[in-house]
**Student:** 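Can you keep this structure in mind? I'll have questions shortly.
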Amino acid sequence: MSEPFERVTDSFAASVGATPMTADEATALLDLARHVAHTSEDRRSAPLVCYLAGQVLAAEPSPGDRVRRIRGFIELYPEA
């Protein structure tokens with residue numbers, strides 16, 4: 001069974017010619033966003049950091065490599 005957000009993200013990916021995210025990529029990005037929102041002074045940082053992560057990850061060859069990189073980005077924001 002798919003998550004509700006998958007319908008939106010898959011549709012967007014198809015509309016702009018992007019590869020749809022895997023479930024692991026989506027989970028890792030949501031974890032990154034949540035972590036940044038909770039450890040930064042401004043919750044608006046979360047989607048902006050995810051956008052920047054996307055720029056970096058565009059060159060990664062596989063979903064597994066992208067997930068590993070996203071998990072590493074979380075370490076850039078230590079707990080307060």
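All heavy atoms count here, side chains included; hydrogens, waters and symmetry mates do not. What you see is a predicted model, and the numbers here were worked out from it, not measured in a lab.
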**Student:** Donor-acceptor pairs under 3.5 angstrom involving side-chain atoms of residues 51-58: please list them, not counting sequence neighbours.
**Tutor:**
| residue | atom | partner | partner atom | Å |
| --- | --- | --- | --- | --- |
| Tyr51 | OH | Gln55 | NE2 | 2.9 |

**Student:** Any donor and acceptor pair, going by atom type alone, linking the side chain of Thr27 with main-chain N or O of Ala23 inside 3.5 Å?
**Tutor:**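 Yes.
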**Student:** Which pair of non-hydrogen atoms, one from Pro20 and one from Asp10, has the smallest distance, and what is that distance?
**Tutor:**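 The pair with the smallest heavy-atom distance is CB-OD1, 3.5 Å.
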**Student:** State, to 0.1 Å, how close Cys50 and Leu29 come at their nearest heavy-atom pair, and which atoms those are.
**Tutor:**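 Closest pair (atom of Cys50, atom of Leu29, distance): SG-O, 3.8 Å.
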**Student:** Which residues pass the side-chain hydrogen bond (donor to acceptor under 3.5 Å, both in side chains) test with Ser15, not counting sequence neighbours?
**Tutor:** none
**Student:** Taking all non-hydrogen atoms of both residues into account, name the closest pair between Thr22 and Pro63 and its distance.
**Tutor:** CG2-CB, 3.7 Å
**Student:** Shared ILVMFWY cluster between Leu76 and Val49, side chains joined below 4.5 angstrom?
**Tutor:**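 Result: yes, single cluster for both.
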**Student:** With rounding to the nearest 0.5 Å, note down the distance linking NE2 in His35 to OG in Ser40.
**Tutor:**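 His35 NE2 to Ser40 OG: 9.5 Å, rounded to 0.5 Å.
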**Student:** Looking at residues at least two apart in the chain, or sitting in another chain, which of them share a side-chain contact (heavy atoms from CB on, under 4.5 Å) with Phe5?
**Tutor:** Glu3, Thr9, Ala26, Leu30
**Student:** Test of understanding: clusters of I, L, V, M, F, W, Y form through side-chain heavy atoms closer than 4.5 Å, transitively. Do Val67 and Leu32 belong to the same one?
**Tutor:** no
**Student:** If every non-hydrogen atom of Glu60 is compared with every non-hydrogen atom of Arg66, which pair is closest and at what distance?
**Tutor:**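 It is O-NH1, 3.0 Å.
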**Student:** Does this structure show an ion pair linking Arg71 with Asp31, if we count only N-O contacts that are shorter than 4.0 Å?
**Tutor:**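 Asp31 and Arg71: salt-bridged.
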**Student:** Taking it one step at a time, do Ser45 and Asp42 satisfy side chain to side chain donor-acceptor pair (under 3.5 Å)?
**Tutor:** CA-CA 6 Å; Ser45 302; Asp42 188 340; 5.1 Å; no
